[in-house]
Amino acid sequence: MQDTSVFMPLDDFFDRIGRRRAVVLCQLPVTLAMGLIVVFAILFSPETMTDTAFQLMLVVHLLMLVACLAVPWNRLPPGTFVLIPLVDFVVLALTREVGGPVLSVVTLLIAFPVIWLSLSASRTRLVLAIAGPFCGIIASPYVLGHEVEQTELIRMIVVPVILAGFAVTAHLVAGVVVKHRNMQDLKDRELVRLHKATQDHQQLLDAVLETVNVGVWAIDAGGNDILTNHRLRADRKAAQRMPGHNPFTATDDTTQLPDSPVGLAMSGRSFTNKLIRVGQEDEQLVFSVAARQFHDDDGQLKGSVLAFTDVTTLVSALEAKDKFVATVSHELRTPLTSMLGFLELLGNDPNPGYLQVIERNAQRLLTLINDLLLVASEDLEIRRRPANLSRLMDAAARSAQQEASAKGIIIHDNIDADLEAEVDPGQFTRAIEQLLSNAIKFSPHGSEVTVSLRRQNGGFICSISDQGIGMTAEEQRQAFTKFFRSDQAMKTAIPGAGLGLSISKAIVEAHGGQINLESRPGKGTTVTLNVSH
């Protein structure tokens with residue numbers, strides 16, 4: 001097995017400091033031990049220091065340390081540094097042979113290069129760690145020309161065998177460490193992969209949760225938040241500003257509201273399309289809620305996931321549709337019933353007055369159908385030309401006089417004379433007539449309606465005021481909505497399809513103007529048209 005590490009137990013540290021320093025640190029124990037031996041030799045065996053061969057060995061040891069420092073190991077093949085421990089075997093064996101019995105301790109130093117080579121995953125280094133001491137110890141006396149006594153043969157054979165045992169043991173330990181390290185590296189890579197997959201999954205989940213237009217709320221069995229998305233947090237914040245229980249929080253009083261979505265979810269119930277309303281009638285949000293539970297391996301409830309879909313607009317549209325159907329049906333049925341009745345009377349009594357009634361009801365039907373078509377198409381054509389607004393306003397007031405007289409209502413006018421402007425006379429008159437009709441319909445008997453027109457900043461302001469039933473703040477916000485009719489108008493069965501203000505607004509805005517409404521319940525309503533040129 002190829003192993004390029006300098007000394008496997010310290011791989012991480014040696015990788016940081018570089019190969020040259022690593023080789024120096026591995027050689028340093030031998031150098032320091034030799035230095036210590038020299039000190040003791042000077043103290044206890046001075047004659048050893050005078051031996052030229054011993055001095056030569058010391059020089060070789062120093063040169064080896066210098067080589068460790070000077071050789072650019074990073075530029076050489078990875079296993080080149082193995083030459084250092086191999087040379088150590090030879091030099092240490094020769095040093096021991098030169099020093100004789102006095103330096104027998106030098107033999108122990110051979111254990112350092114043995115450990116250096118054998119603590120690796122490379123079998124080649126193991127072979128070198130075993131063969132090196134044998135070669136060095138056995139060959140050194142013959143290299144120096146010394147006679148080998150029989151007693152020395154024991155040392156020359158047993159010591160390499162013991163060192164071989166050290167080498168095999170160290171290599172087996174290294175093998176176990178390498179195997180454990182490889183398994184750990186594999187686990188680390190798998191953990192990194194799983195962590196990356198988890199991050200990707202979390203990013204995907206976050207993207208989905210923030211994309212869908214649904215409030216998602218995951219809670220544990222105790223009602224504590226596990227996960228929420230931006231929509232849910234926004235709905236929760238909006239609900240906090242409204243009176244009543246906040247369905248987006250699980251509090252101590254949740255158990256007192258077992259029918260609430262979170263109460264049902266915490267009790268382990270699953271449901272779909274449960275409608276809840278948040279706030280009061282004048283400012284209310286409607287949500288469709290679904291809930292599903294999730295459990296642990298033992299089947300115990302761990303929590304629930306609730307999805308809140310804002311259906312306020314849909315519910316409002318359905319309610320508006322129901323009101324529209326009821327209103328239009330009534331508005332169509334009334335003139336048709338009258339026409340059919342008078343047609344039946346006409347068959348028995350050909351009274352010309354009946355024809356006038358039939359014509360009036362037919363005209364009423366035609367007007368309603370035209371209004372419906374205009375609202376449906378939203379295609380309002382404006383043809384401007386110079387017109388006398390004063391005359392148009394006066395004519396509209398006179399036209400409404402008959403309807404007002406029937407209820408005893410007096411129409412007052414405050415109209416500037418000869419006010420000229422570029423408008424569509426037909427459409428402008430239509431808007432004024434719609435507003436006057438509304439003012440008369442919603443005013444009590446014997447009240448007054450005021451029509452005013454005046455110049456302002458190159459344009460004009462027109463207002464129509466009544467003393468009728470008025471509107472609440474919420475009704476004023478919806479007043480210009482198509483087919484909107486106030487609850488009071490519905491209760492008192494005041495005729496109309498809820499199109500007058502909507503059509504008037506479209507006409508005024510098509511002329512580049514603005515329409516505003518001010519009202520108080522029981523105090524009447526003022527509609528103001530402001531057009532600039």
Side-chain angles (χ1 to χ4, degrees), residues 282 313 316-317 319-321 323-324 327-328 331 367-384 387 389 392-393 395-397 399-400 419 421-443 449-454 456-457 459-466 468-490 494-521 524-533:
D282 57 343
T313 304
S316 299
E319 292 175 351
K321 183 204 73 172
K323 287 184 179 180
F324 163 71
T327 300
V328 172
E331 289 299 307
T367 301
L368 177 59
I369 291 172
N370 287 336
D371 290 345
L372 291 173
L373 291 174
L374 175 63
V375 169
S377 65
E378 297 185 352
D379 184 15
L380 183 61
E381 184 178 357
I382 298 296
R383 296 180 179 180
R384 295 173 180 266
L389 295 186
L392 294 178
M393 290 285 292
S399 176
L419 197 159
E422 285 195 0
V423 297
D424 184 321
Q427 295 290 9
F428 182 78
T429 301
R430 185 179 186 182
I432 298 301
E433 288 177 346
Q434 293 276 9
L435 296 177
L436 275 170
S437 178
N438 277 353
I440 294 170
K441 281 191 297 185
F442 291 98
S443 294
V449 172
T450 303
V451 179
S452 66
L453 175 68
R454 69 179 186 274
Q456 178 174 294
N457 299 330
F460 63 89
I461 290 181
C462 174
S463 64
I464 299 173
S465 303
D466 63 59
I469 60 177
M471 288 184 280
T472 64
E474 176 62 22
E475 288 171 342
Q476 291 180 59
R477 283 193 288 270
Q478 302 183 55
F480 295 101
T481 304
K482 299 171 186 176
F483 308 112
F484 170 76
R485 305 201 69 212
S486 66
D487 292 337
Q488 185 65 22
M490 299 290 286
I494 296 175
L499 296 174
L501 286 175
S502 175
I503 292 173
S504 299
K505 181 174 185 292
I507 293 172
V508 172
E509 290 181 347
H511 281 85
Q514 295 179 341
I515 184 169
N516 299 305
L517 184 147
E518 295 181 4
S519 182
R520 286 192 299 168
T525 301
T526 298
V527 180
T528 303
L529 316 182
N530 190 335
V531 180
S532 300
H533 293 286

Looking only at non-hydrogen atoms, find the nearest pair between S519 and T525 and report the distance. OG-OG1, 2.8 Å
If I compare all heavy atoms of S443 with all of D466, which pair ends up nearest, and what's the gap? OG-CB, 3.3 Å
Would you call I464 and I432 a side-chain contact if the rule is heavy atoms closer than 4.5 Å? yes
Quick one: side-chain hydrogen bond (donor to acceptor under 3.5 Å, both in side chains) partners of Q514, sequence neighbours excluded? none
Salt bridge (Lys or Arg N to Asp or Glu O under 4.0 Å) partners for E518, two or more places apart: none
Holding to side-chain hydrogen bond (donor to acceptor under 3.5 Å, both in side chains), I want the full list of residues that pass it with T429, two or more places apart in sequence or in another chain. none
Compare all side-chain heavy atoms of R384 with those of H511 and state whether any distance is below 4.5 angstrom. yes
Applying side-chain contact (heavy atoms from CB on, under 4.5 Å), name anything that partners A387, two or more places apart in sequence or on another chain. L392, V423, P425
Under the side-chain hydrogen bond (donor to acceptor under 3.5 Å, both in side chains) rule, collect the residues that match up with S452, sequence neighbours excluded. S463
Once side-chain hydrogen bond (donor to acceptor under 3.5 Å, both in side chains) is applied, do any residues pair with S504, and if so which ones, sequence neighbours excluded? none
Provide the closest heavy-atom pair for V451 versus M393 in the form atom of the first, atom of the second, distance. CG1-CE, 3.1 Å
Roughly how far, to the nearest 0.5 Å, is the CG atom of N438 from the CD atom of E433? 12.5 Å
